[in-house]
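So the structure is just underneath, and the comments pick up after that.
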Amino acid sequence: MAERRATRNDVDREGRRAELFSFGLRTIVPFMGVIAALLISAVVLVILKADPIAAYGAMFRGAFGSINGLSQSLVKATPLLLVGLGVCIAFRASVINVGGEGQIIMGSLAGTWLALSFPSVPRALLVPACMAMGFIAGAFWGFIPGLLKARFKVNEILSTIMMNSIALQFMNFLLQGPMMDPEGIAAGTFLAQSARLPQNSWLARLIPQTQLHSGAYVALAFAILVYVFLWRTTIGYQIRSVGLNPRASRYAGINVPFNQMLSLTIAGGLSGLAGVIEVLGVHRRILEGLTGGYGFTGIVAALLGSLHPLGLVPASVLFGGLLVGANTMQRAVQVPAALINAILGLIVLFVSGSALLIHQLIKRRKIKAVAQAAAEEAKA
Amino acid sequence: MSGIFSATVVAGILRTMLSLSTPFLFAALGETFSQLSGVVNLGVDGIMLLSGFFAFYVTLLTGSVWLGLLVAMIVGLLMGLMMSFVSVSLKAQQGISGIGLQMFGLGMSSLLFKVLVGTVKTVQGFQPIRIPLLADIPFIGPIFFENNALVYIAFALVPISWWILEKTSLGLKIKAVGQNPAAADSVGINVNRVRYFSVCLGAVLAGMAGATLSISIANLFQDNLTAGQGFIAVALVYFGGWTPVGVLGGALLFSLATSAQLWLQVLGVKVPASLAVMLPYILTIVVLTISVNRGKQPAALNKQFFRGEN
């Protein structure tokens with residue numbers, strides 16, 4: 001009896017060890033992708049006659065070296081986290097949401113419209129209503145490619161990218177026409193931006209003299225919500241099973257196209273929420289360049305966070321920091337902040353290329369463990 | 001209103017259409033090869049941006065458009081190697097690696113432009129070549145036979161691609177690898193090598209598409225010069241049902257829409273500019289939706305090949 005219990009404990013321990021090994025690999029390998037991308041970019045910097053150590057030093061100091069920098073990094077991490085959560089959900093159903101940019105725009109437009117139309121509604125009602133409105137508008141912008149994917153098998157990467165361009169032109173149209181700031185028209189500046197939102201709709205600033213706003217809490221809350229949704233609800237379970245094995249899911253009676261459409265819709269909603277929070281918390285109006293590339297950077301953050309809601313939290317802080325640091329670097333060593341986009345692209349290439357490596361390492365370890373167990377059994 | 005439909009205007013629209021269809025043709029023909037071998041390269045837009053920058057920069061430095069084109073093709077080849085290494089050798093998920101390549105091309109071209117050029121500069125691009133006799137045909141001549149070398153090359157590539165795909169063993173290998181890699185492997189075709197070749201060929205053509213934008217159409221470079229044309233080119237492959245002639249039809253349709261819209265603006269017809277610019281993107285979604293050529297889609301499209309596991 002005693003001996004039997006001991007072997008079962010061994011199996012448990014081995015199982016935990018294997019889990020830890022796979023978790024460690026999934027964390028470390030993407031991180032090494034970031035380092036490899038930074039190294040390659042350092043070579044580019046040397047070719048461009050800039051000092052890579054000074055450049056990266058400035059980047060790090062700008063991002064995390066002061067209260068101001070750190071809070072700015074968190075400001076940028078907020079939309080990245082929300083967009084990334086959407087990318088995670090979609091990815092779990094094996095659809096790729098590249099439509100973050102467009103969904104952010106639609107969400108921020110809808111939220112702005114609501115706040116400007118009902119300026120005297122009390123804050124406790126107006127802020128949640130704006131957020132809900134932004135979520136719905138973004139969800140609609142994700143629903144269209146989702147429906148096309150479910151109904152006509154339209155490649156969602158292409159359709160979401162087209163939806164981005166359409167939303168961008170739609171925003172330009174509104175900001176240069178119906179939604180243009182009346183004050184700008186009166187002053188004759190004709191800036192392509194909306195009127196300033198009523199104070200009732202502003203999100204509270206958390207640290208004086210910085211832009212850090214309470215939207216960061218909302219994003220964090222959604223990270224936990226998405227975790228619960230994916231791992232503790234039936235729909236979440238269905239979405240994950242669609243991603244792991246669509247054929248088996250179909251035999252199990254799970255509606256694969258519906259779940260893919262649903263996950264793209266939720267992803268759109270989360271990006272839309274990111275957009276409206278960006279408006280209510282940071283700019284307090286819509287202006288050109290509002291999206292700041294969050295729709296794409298959010299994908300990179302999601303990949304680096306191992307497509308897990310809780311892994312995404314540190315990943316989005318890291319990338320928020322990189323975005324802030326890139327601007328500091330531009331001022332310090334005169335290297336354009338566009339470098340950061342090239343670095344992000346390389347990270348995506350490396351991380352996507354390392355999936356097979358991780359898979360094989362885990363498999364090899366499993367084979368070794370089985371062989372070892374067999375050998376021990378033979379010995380006994 | 002009669003002015004809009006006069007012969008000069010129609011000729012102008014058609015001329016602009018031919019010129020604007022050239023980058024679509026290069027990029028979409030290249031992507032056809034890539035997809036027929038089973039690899040969706042979504043990084044076409046990024047390749048077009050980086051090679052477009054290099055074509056512009058080399059032309060600016062040397063004054064030679066041909067040297068610019070050559071460098072653009074080399075840049076395309078290098079990016080094709082990157083894409084095939086990650087997607088074919090390392091078996092990455094193609095959608096993700098393509099987006100990575102696009103982000104890299106977008107960021108790197110913008111970075112290099114800001115560091116090496118800085119301000120808006122124009123170059124002397126490819127000049128029109130008059131084909132004697134044919135160019136003298138009234139109406140048709142000036143439209144079809146007074147274009148620059150890139151336009152002629154792009155249109156010549158349509159029958160050449162068709163011939164390669166339908167009449168040579170190379171074309172057969174490419175399609176076999178895209179339809180059933182395991183079967184192709186079993187008869188001794190090196191699946192990875194054929195995919196590397198197809199992706200790289202596609203990337204070189206994407207490089208030519210980028211050069212067409214920067215040193216034949218715009219004669220300058222700016223941030224995000226392509227404005228998503230690389231993605232539209234990928235969509236054209238679906239629209240064209242993976243055939244060169246279908247791709248030609250799609251390229252002409254898209255450039256006709258763009259050139260008609262440009263001419264309407266030139267003629268002072270009131271359309272809000274940002275709404276008119278939306279048109280090609282909406283058209284792309286419509287085209288993707290209605291082109292239910294799914295039967296013709298390469299069976300192994302977007303699927304990694306694991307030797308001995310299928």
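Quick note on labels: first sequence line is chain A, next is B, and so on, each numbered from 1. Keep in mind it's a predicted model, so treat the numbers as computed, not measured.
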Between [X] and chain B, with a heavy-atom cut-off of 4.5 Å, which part of the residue counts as in contact: side chain, backbone, both or neither?
X: A:Leu303; value: side chain
X: A:Phe350; value: neither
X: A:Val351; value: neither
X: A:Leu148; value: side chain
X: A:Ile166; value: both

With a 4.5 angstrom heavy-atom cut-off, could you sort out which part of [X] is near chain A: side chain, backbone, both or neither?
X: B:Leu106; result: neither
X: B:Leu279; result: neither
X: B:Ser87; result: neither
X: B:Ser97; result: both
X: B:Met82; result: side chain

4.5 Å side-chain heavy-atom contact, A:Ile144 and B:Ile285: no

query: CZ of A:Phe140: more than 12 outside heavy atoms within 6.0 angstrom?
result: no

message: To check you understand the geometry: which heavy-atom pair defines the closest contact between B:Phe104 and A:Ala342, and what is its length?
response: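 Smallest interatomic distance, heavy atoms only, reads CD1-O, 3.7 Å.
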
- prompt: Between A:Ser352 and B:Val86, what is the shortest heavy-atom contact and its length?
  reply: OG-CG1, 3.7 Å

message: Can you tell me how far apart CD1 (B:Ile282) and CE (A:Met163) are? Round to the nearest 0.5 Å.
response: 9.0 Å

field: Gap between atom CG of A:Leu349 and atom CD of B:Gln102 - 0.5 Å precision
entry: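 Result: 11.0 Å between the selected atoms.
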
message: Could you go through B:Leu288 and A:Asn155, starting from their C-alpha distance and side-chain angles, then the distance that decides it, and tell me whether this counts as side chain to side chain contact (heavy atoms under 4.5 Å, CB included)?
response: CA-CA 8 Å; B:Leu288 281 171; A:Asn155 181 324; 5.5 Å; no

Between [options], the one whose heavy-atom pairs under 4.5 Å with chain B are most numerous:
options: A:Ile96, A:Val98, A:Leu158, A:Ile157; value: A:Leu158
options: A:Leu339, A:Ile340, A:Leu357, A:Asn164; value: A:Leu339
options: A:Ser354, A:Ala338, A:Ala337, A:Ala37; value: A:Ala338
options: A:Leu168, A:Ile343, A:Asn172, A:Ile161; value: A:Ile161

query: Given the options B:Met103, B:Met108, B:Lys91, B:Lys114, which has more heavy-atom pairs under 4.5 Å with chain A than any of the others?
result: B:Met103

field: Full working for side chain to side chain contact (heavy atoms under 4.5 Å, CB included) between B:Val115 and A:Val335
entry: CA-CA 7 Å; B:Val115 173; A:Val335 174; 5.6 Å; no

task: Using a heavy-atom cutoff of under 4.5 Å, enumerate the residues of residues 287-297 of chain A that contact chain B, numbered in order, or state 'none'.
output: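 A:Phe296 fall under the 4.5 Å cut-off.
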
Test side chain to side chain contact (heavy atoms under 4.5 Å, CB included) applied to A:Leu48 and B:Leu111, step by step: CA-CA 10 Å; A:Leu48 295 175; B:Leu111 172 71; 4.0 Å; yes

